[in-house]
Number of protein chains: 2
Amino acid sequence: MTSTKHAPKAAPPRKARLSREVVLAAALELVDAEGVDALTMRRLGQELGRDPMSLYRYAANRAALLDGVTETVLEELTVFADDVDWQSQLRRMAHDLRRVALRHPNVVPLLVTRPLSTPLGLRPLAALRPLEQILDLLIKEGFAPADALHVYRAYYGFLYGHILNELQEYIVDPDENEAILRLGLHRLPANEFPRLRALGPVLADYNGETELDQGLSILLSGLAAQLARPHQNP
Amino acid sequence: MTSTKHAPKAAPPRKARLSREVVLAAALELVDAEGVDALTMRRLGQELGRDPMSLYRYAANRAALLDGVTETVLEELTVFADDVDWQSQLRRMAHDLRRVALRHPNVVPLLVTRPLSTPLGLRPLAALRPLEQILDLLIKEGFAPADALHVYRAYYGFLYGHILNELQEYIVDPDENEAILRLGLHRLPANEFPRLRALGPVLADYNGETELDQGLSILLSGLAAQLARPHQNP
DNA sequence: GCGTAAAGTCTACACCGTAGAGAAGGTGTC
DNA sequence: GACACCTTCTCTACGGTGTAGACTTTACGC
């Protein structure tokens, strides 16, 4: 037994200087691996080989830590600035967000939930950037600013909704998926849920990507029909 | 002073028999009034004038209690069974859900978040009823079952997204709203967020109901254009 | 009255976020 | 070297949490 100051409790791997980035990265890793509930100050401290209290240097409290995690995830979004038409641009950004969400499913609850407690104006920049981006895109395309805002809202609303939907249907093991589904549906009272029970097999195979794409087609064609007379139509 | 067994600590109002309904109602009241975090076993017990442990007769644990609360809220949805066309039916149901969400804003995070941990087949009946309802509606209208499912997904995705959006923009005091907004926008780097900063006044007045309605119009007209050729496609 | 099952309570434990005081470590000036 | 200073990190402690397990009280059929 070596004689360090006092016996190391777990496995403090290194003693490099901490930083907000390091802390947030470790926090994200923890959330990805074990869910939001696993992210406690004590646990994260242990993961970093530090006293839990040292974290307060880099985040005011646990809530701020969670906000930091969502911000980190949002920064994974790629910034597109292409000259393709606005519809395919929106498509690309949607798929991009979807991919990020699937990469960090445990963060999604934070993603949709944390902003509820922060007025729009006070959100982290990373959260506002997509909004600015889309507004810019649409206005350049000829939409009136107010219309661009409406479009953004419909679009982003749909997008968030889709991601929530998809994660709800998402189950890790597809084999188990069908079994659970069958089992679950079987439990439903036959007279009250005839449609759902009949849909069993169709429900089982779900492709989020094409589902998103189809939804976007619906939305975009609706947009075109409703108000795609940007000022004057070409 | 009457001589009860031992001095009542706070204000145990009565000693009627508990029941799951009573417990859930009290839990919902607490969440509505003070948010999800305020719903602790001890606090709820106190609210009911009972030992916290007695709650475990009516919910397996705190998580189950939260699920119960969302279920209770979903049961507030009115069941429409009218003969109007499917589009206005979908509109009605959307506004109904929106109203319920606004009545219980603190429950919305649970509403969108809890199902993430429960496979579709195992959700409470109240959560599946709208799905069944809409499937039935659409299939009766001539949609192929699989198409009905797609429509449902696009529709509900959009709806949930809208509700999240609206609650994010929702601020209690509209006067303060504009102030905060201005303040917040002012903070944004002018060169990075020109569009957003320019939209200040437009952002400030937000009408969720018409916003939802417009979004639905977009979606529904898109639906009509995309696949409103029920059964066989021309 | 009595027996039994349900409903409610008490105690205790491990864990949580975090306030506040202090120790350790790095860096600049003489 | 010595000293002062500021940042980073650690220690200790407090009041709160969910809930396991054993206990007591209540309700009710006979």
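Treat the numbers as computed from the prediction; the structure is a model and nothing was measured.
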Spacing of CG belonging to A:D67 relative to CZ belonging to A:R62, to within rounding of 0.5 Å: 11.0 Å
OH on A:Y58 to CG on A:L48, rounded to 0.5 Å: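 Nearest 0.5 Å value for the CG-OH distance: 10.0 Å.
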Could you tell me the separation between the [atom1] atom of [X] and the [atom2] atom of [N], rounded to a whole number of Å?
X	N	atom1	atom2	result
A:D37	D:dT19	CG	P	11 Å
A:L48	D:dT8	CG	C1'	14 Å
A:D51	C:dA19	CG	P	14 Å
B:R43	D:dT17	CZ	P	10 Å
A:L18	C:dG26	CG	P	14 Å
A:R50	C:dT18	CZ	P	20 Å
A:L39	C:dC16	CG	C1'	12 Å

Residue-level proximity of residues 57-69 of chain A to DNA chain C when a heavy atom falls under 4.0 Å: A:N61, A:R62
base_contact_polar (C:dG17 base, A:R42 side chain, donor-acceptor, <3.5 Å):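 In this structure, the two groups form a donor-acceptor pair.
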Sugar-phosphate, base or nothing in reach of B:T40, heavy atoms under 4.0 Å: sugar-phosphate
CD (A:E29) with more than 12 external heavy atoms under 6.0 Å: no
Whichever of B:M53 and A:M53 has its nearest DNA chain C nucleotide further upstream toward 5':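 The answer here is B:M53.
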Proximal nucleotide (of C:dC10, D:dT19, D:dT10) relative to the B:M41 side chain: D:dT19
Nucleotide nearest A:Y56 (side chain, heavy atoms from C-beta), chosen from D:dT19, C:dG8, C:dT18: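 Looking only at side-chain atoms, A:Y56 lies closest to C:dT18.
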NZ/NE/NH1/NH2 to OD/OE distance under 4.0 Å, A:E166 and B:R153: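 So A:E166 does not pair with B:R153 through a salt bridge.
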Residues B:R129, B:E75: salt bridge by 4.0 Å N-O rule: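 A salt bridge is absent here (no side-chain N lies under 4.0 Å from a carboxylate O).
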Parallel, tilted or perpendicular: ring planes of B:Y152 versus B:Y156, cut at 30 and 60 degrees: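 B:Y152 and B:Y156: parallel rings.
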B:R50 (side chain) donor-acceptor with B:L55 (main chain) under 3.5 angstrom: no
